[in-house]
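Working notes for the structure below.
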Amino acid sequence: MPELPEVETVRQGLRPYVEGARIDAVTLRRPNLRFAFPEGFATALTGATIEQVDRRAKYLLFRLSTGAIWLSHLGMTGSYRFEGFKHKEPSRYYEPGEDGKHDHLIIALIHPEHGALTLIYNDARRFGFVDLFADEAASPYLQGLGPEPLGNAFNAATLALAFTGKKAPIKAALLDQRVVAGLGNIYVSEALHRAHLMPTALAGTLVTKRGAPKPVLEDLVLGVRTVLTEAIEVGGSTLRDFRAADGQQGGFQHRFSVYDREGKPCPTPLCTGIVERIVQSGRSSFFCPVCQKAPRA
DNA sequence: CCACTAACCTGTAGGC
DNA sequence: TGCCTACAGGTTAGTG
């Protein structure tokens, strides 16, 4: 489900209720998500106060008063929600019923202003996972990640460096979290459309023989930044089940130019193209064959 | 090191 | 209605 804009939307929804809250109890309702819960995970969280919720790429980072960092990745279908706002007594925290079979992690919180409430992690496919670290440098998941696409380190020069000599299609290169961290299948298709670049163009063809960025790389950087920024502004994209922690659906799905729009007209002004769908490395790519081009090598 | 595929797991949409 | 297939927002392990 979640690419960078969705994870950022989740973070913003969590912050008011989670930051400053003390973790009163933790229940793991199964031994694993994608991976086993780390040894002592529940014990380490219990009693700690969540001081801050940050995001790096598609990871949520809960900074605890103990100094430890609780890391959470939502996979394809992971989501957080709150229950039990009305309950004052910790003993009356939410317990999943029949329809809560994918509620895997239950976290009872006491917030100084909001009182007792329950944070629930739900994940039907269980591609998500959590981990616990002493500090960011100690997390293998955060090693080797490329720059944040909305940060200064993501620019035509750093992209050129990553693309030089690369034979992979630009679609695959942008999905590679070592190149840029946070893009997924939706926003790569959308950014390439904005930059008028074919997803099949080879990454190496966007760089000159001398290793300098071709002008189209500037368009690509701008396309990535603007599509992510606009998506965050409207709360991400809700395809089937994505919700922010407060239950709100995203709105960016109404603004897709090409993603999931096979057979529909290209929205580029004056363009007469019809959106096509192809499969690259096992995943759908959507593009306009008229206004998106592949540069010559 | 690079590039590609299969695998992980469940739910849903569409065709018949 | 039911059955079957294809596909879904991500990452990792394995192969060549």
Query raised in the report: Does A/H102 have a side-chain nitrogen or oxygen under 4.0 Å from the phosphate oxygens OP1 or OP2 of B/dG11?
Result: yes
Query raised in the report: When you check every protein heavy atom under 4.0 Å of nucleotides 1-8 of chain B, what one-letter string (B, S, -) results, 5' to 3'?
Result: --S-S--B
Please output the side-chain donor-acceptor pairs of residues 245-252 of chain A that fall under 3.5 Å, not counting sequence neighbours, one pair per line with the distance.
from, atom 1, to, atom 2, distance (Å)
A/D246, OD1, A/Q248, N, 3.0

Query raised in the report: Once the angle between the rings of A/F35 and A/Y141 is folded into 0 to 90°, is it parallel (under 30°), tilted (30 to 60°) or perpendicular (over 60°)?
Result: parallel
Query raised in the report: So what does A/F252 hit on the nucleic acid, given a heavy-atom distance under 4.0 Å: a base, only sugar-phosphate, or nothing?
Result: nothing
Query raised in the report: Does the pair A/K101 and A/D103 meet the rule for a salt bridge (charged side-chain N to carboxylate O under 4.0 Å, His left out), with working shown?
Result: CA-CA 6 Å; A/K101 64 176 171 176; A/D103 292 342; over 6 Å; no
Query - Below 4.0 Å: OP1/OP2 of C/dT11 and any side-chain N or O of A/H73 - result: yes
Report summary line: In whole angstroms, the gap separating P of C/dT12 from CG of A/L142 amounts to 11 Å
Query raised in the report: Is it true that A/K264 and A/E262 have a side-chain N and a carboxylate O under 4.0 angstrom from each other?
Result: no
Query raised in the report: In whole angstroms, how far is the C1' atom of C/dA8 from the CD1 atom of A/I186?
Result: 10 Å
Query raised in the report: 5'-most contact on DNA chain C: A/G182 or A/R277, nearest heavy atom basis?
Result: A/R277
Query raised in the report: Under a 4.5 Å cut-off applied to non-hydrogen side-chain atoms, are A/H73 and A/F127 in contact?
Result: no
Report task. Using the six-membered ring wherever Trp is involved, compare the ring planes of A/H114 and A/Y17 and label them parallel, tilted or perpendicular (cut-offs 30° and 60°). Result -> tilted
**Report entry** Under 4.0 angstrom between A/T77 side-chain N/O and C/dA8 OP1 or OP2
**Finding:** no
Query raised in the report: What nucleotide among C/dC7, C/dT11, B/dT10 has an atom nearest to a side-chain atom of A/R126?
Result: B/dT10
Requested in this report: Flag the pair A/E136 and A/R63 as a salt bridge only when some basic side-chain nitrogen lies within less than 4.0 angstrom of an acidic carboxylate oxygen.
Outcome: yes
**Report entry** Within-4.5 Å side-chain heavy-atom neighbours: A/L14 and A/Y80
**Finding:** yes
Query raised in the report: How would DNA chain B look in dot-bracket form, 5' to 3', counting Watson-Crick and G-U wobble pairs with both distances under 3.5 Å and writing | for bases paired to another strand?
Result: .|||||||.|||||||
Query raised in the report: Are any non-hydrogen side-chain atoms of A/P295 and A/L206 less than 4.5 angstrom apart?
Result: yes
Report task. Would you tell me if any nitrogen or oxygen in the side chain of A/Q177 comes within less than 4.0 Å of OP1 or OP2 on C/dT11? Result -> yes
